[in-house]
Amino acid sequence: MNPNTVDTPIIQIQPTKGWASLQLRALWEYRELLYFLAWRDIKVRYKQTVLGAAWAIIQPVTTMLIFTIIFGRLARIPSDNIPYPIFSFCALLPWNYFATAFSRSSGSLVNNAHLISKVYFPRLVIPISSLLSGLLDFAIAFLFLIGMMFYYHIVPTISILWLPVFMLMAIATALGVGLWLGALDVLYRDIGYLVPFLSQIWMYATPVVYPSSLIPEKWRLIYGLNPMAGVVEGFRWALIGRGTKPGPMLLVSAFVTIILLVSGAFYFRRMEKTFADII
Amino acid sequence: MSDIAIRVENLGKLYKIGARQRRHDTLRDRISDALLNPIKKVVKIAKGQRNPIKRETSFSTNDYIWALKDVSFDVKRGEVIGIIGRNGAGKTTLLKILSRITEPTKGRAEILGRVGSLLEVGTGFHPELTGRENIYLNGAILGMKKSDIERKFDEIVAFAEIEKFLDTPVKRYSSGMYVRLAFAVAAHLDPEILLVDEVLAVGDASFQKKCLGKMGDVAKEGRTVLFVSHQMGAIARLCGRAILLEQGIQVKIDSANKVIDHYLNKGTKSIQGFIDLSSCPRPPHITGHIRILGADILTAMPIEFGAALELKIIFRIVKPVEYAEIYINIFKMDGSAVSQVGSGDSCGPVLTSAEVGKVYGVSVQVPECRWLPSVYSLVLSATIGPSCGSADVVEAGTFEIVGNVSDPSSFVTRYDVYRPRVNWKYEMLL
């Protein structure tokens with residue numbers, strides 16, 4: 001009757017206990033959905049706006065101007081002898097990406113509750129897809145950065161090759177945090193209130209408006225426990241080739257990122273089966 | 001080589017009652033709990049609400065409900081099987097478990113083949129996106145590959161009849177266009193096994209017919225379909241077998257016609273003698289000017305096809321009215337309306353000078369009951385003007401029409417809607 005019986009997938013449905021495997025293979029099979037959800041987010045983002053994608057530049061540039069006036073001019077925060085505007089803009093790029101990505105993926109499950117309660121797909125698709133749309137804004141703002149580098153006559157050195165590594169770290173950290181908070185958000189809507197607050201505190205714990213050289217040497221490693229400290233400092237170093245070299249602090253950051261990501265993924269999978277019932 | 005497509009064994013799902021209403025579980029509740037009973041509760045915070053079954057022993061069992069209990073059945077490859085039952089019987093829960101949206105609490109199921117499930121049409125439609133964009137998005141969400149969607153794109157658009165509006169955001173669509181597009185995408189999903197929840201009840205009558213036709217095609221193509229519906233006609237036509245669920249328990253599994261008969265004839269109160277309706281539940285929207293107190297059924301049940309039905313409806317005028325009209329409404333057991341006859345129809349009598357506080361009666365005589373043999377529900381209602389809202393609505397019970405019509409086996413699938421001749425006579429009683 002059915003010649004493909006051999007290839008017929010068999011789906012087993014039964015209660016699972018404890019920790020579930022990540023099922024990265026199932027995730028791979030749903031890569032098109034991942035793409036479509038990210039595409040939806042991008043399409044919808046600037047619908048019915050006048051300025052459209054220009055917002056991706058206006059936001060970080062305005063922040064940079066404010067930081068330059070307040071922290072650069074008024075507070076005279078040192079910037080490792082780099083002009084303050086580009087000093088802060090280099091940091092704002094990865095920071096803004098991270099902040100939007102983690103807050104979006106934290107809220108992504110609740111925002112897509114209608115999908116979760118009506119359709120099956122690996123739930124990991126949702127927080128992951130919400131990381132992707134921010135990359136477009138990042139790319140647009142990056143073009144502006146290139147213009148600024150021309151203006152300040154900054155020629156990137158070989159260290160720029162490290163940039164993708166730092167970017168990956170930013171994505172991985174955002175996902176790790178997003179998985180934890182996203183899964184918790186399904187249970188406790190408090191997370192939705194916590195996130196904006198958390199992202200503000202976190203920014204000041206990250207060398208965005210100040211260089212990490214301001215932190216006493218002996219505290220650097222502990223400072224590196226904030227994975228974004230390593231990422232942001234690394235970004236600046238990779239782009240400008242001057243300033244504080246990331247060093248061992250970066251290793252601490254990378255380690256924390258991996259811990260966050262792996263634990264987040266397993267926690268998410270563990271909680272996943274209850275999502276449809278309690279969301 | 002197995003010819004089984006779906007195998008379900010002792011499947012059960014336990015829900016915590018109230019957990020669904022109290023959706024916004026706050027961290028604060030948890031923390032205040034935690035302060036009272038520190039270590040144990042902190043662990044619970046991290047675990048969330050997992051494993052209600054484990055906690056069942058320590059809580060009252062009343063806090064939990066088996067939405068589905070010990071359900072077992074096999075579905076053969078190519079079989080179309082219907083699932084029927086009242087609201088809350090566990091039909092959707094069963095589909096949700098089989099489509100892996102939620103996990104069972106106990107038991108297991110095995111599905112052999114690619115599954116597509118359709119619990120709702122238009123899941124994931126984004127109002128800002130155009131029709132074209134939503135076809136791709138919705139297709140992907142339902143599990144179609146991009147290449148599949150491209151291949152079927154024209155067919156979907158033609159089926160939905162929205163060619164002209166393909167590049168308009170769906171938020172500007174009429175609701176009819178919206179559901180047509182949504183159903184069109186869903187209808188072009190072609191997995192080996194299809195799980196469908198009540199989705200045929202969309203759009204206008206002609207589109208519904210088209211949807212049913214499409215479902216029929218799907219069934220004929222030899223695909224395995226699990227089909228939930230309240231429309232007994234659709235079940236009888238499309239499904240070979242059916243399962244009846246009642247409060248989560250599988251009551252009957254047999255040929256569709258037998259299960260439907262069983263469902264329609266059971267669990268409903270037949271009208272007989274005097275029925276006190278004064279304290280029966282009412283819908284919230286009534287005005288309350290008139291209160292239907294009861295009905296006296298003067299005909300013995302069941303009613304022979306073509307015989308007479310006589311009853312007397314007793315009601316009180318609660319607030320001043322200048323006009324009072326009583327209606328009898330006949331519904332099929334699947335909830336669809338069959339007849340609604342008011343005493344004022346065709347210039348029949350209405351009560352125009354009623355006194356507040358007095359009790360009146362109206363004798364109703366249906367000389368010929370030509371509703372096709374089946375079980376029907378009788379609902380009584382009252383209005384205080386030709387185009388006023390209902391003053392009162394109450395369900396009196398069910399009655400059965402028995403007997404032979406020319407082709408008794410086909411009655412479930414027919415669409416006859418019939419306007420009976422009814423004689424009315426009002427009188428003041430008290």
Please walk me through it: do B:Arg7 and B:Glu110 pass salt bridge (charged side-chain N to carboxylate O under 4.0 Å, His left out)? CA-CA 5 Å; B:Arg7 179 179 288 131; B:Glu110 208 173 45; 3.0 Å; yes
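- The pair B:Lys96-B:Asp197 fails the salt-bridge criterion, with no side-chain N (NZ, NE, NH1 or NH2) lying under 4.0 Å from an Asp/Glu carboxylate O.
- Judged purely by atom type and a 3.5 angstrom limit, B:Lys69 has no side-chain atom pairing as donor or acceptor with the backbone of B:Gly12.
- For B:Glu9, no part lies near chain A; criterion is any non-hydrogen pair under 4.5 Å.
- Interface check for chain A: of the options B:Lys13, B:His126, B:Met144, the most heavy-atom pairs under 4.5 Å are formed by B:His126.
- Ring centers of A:Phe275 and A:Phe268: under 6.0 Å apart, within the cut-off.
- Looking at B:Lys145, both its backbone and its side chain come within 4.5 Å of chain A, counting heavy atoms on both sides.
- Heavy-atom distances place no part of B:Ile6 under 4.5 Å from chain A, backbone and side chain included.
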Ignoring hydrogens and angles, write down the donor-acceptor pairs under 3.5 Å from the side chains of residues 114-123 of chain A, residues two or more places apart or on other chains.
residue	atom	partner	partner atom	Å
A:Ser117	OG	A:Ala113	O	3.1
A:Tyr120	OH	B:Arg100	NH1	3.2
A:Arg123	NH1	A:Val119	O	2.9
A:Arg123	NH1	A:Phe121	O	3.4
A:Arg123	NH2	A:Ile116	O	3.0
A:Arg123	NH2	A:Val119	O	3.2

Show me the donor-acceptor pairs, under 3.5 Å and distance only, between side chains in residues 126-139 of chain A and residues at least two apart or in other chains.
residue	atom	partner	partner atom	Å
A:Ser129	OG	A:Val125	O	3.4
A:Ser129	OG	A:Ile126	O	3.1
A:Ser130	OG	A:Pro127	O	2.7
A:Ser133	OG	A:Arg45	NH2	2.9
A:Ser133	OG	A:Arg104	NH1	3.1
A:Asp137	OD1	A:Arg45	NH1	3.4
A:Asp137	OD1	A:Tyr46	OH	3.3
A:Asp137	OD2	A:Arg45	NH1	2.6
A:Asp137	OD2	A:Tyr46	OH	3.1

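- Counting heavy-atom pairs closer than 4.5 Å to chain A, the top residue among B:Leu142, B:Leu129, B:Ile101 is B:Ile101.
- Of the atoms belonging to A:Glu272, not a single heavy atom falls under 4.5 Å from chain B.
- Only the backbone of B:Ser99 comes within contact range of chain A, with heavy atoms under 4.5 Å apart.
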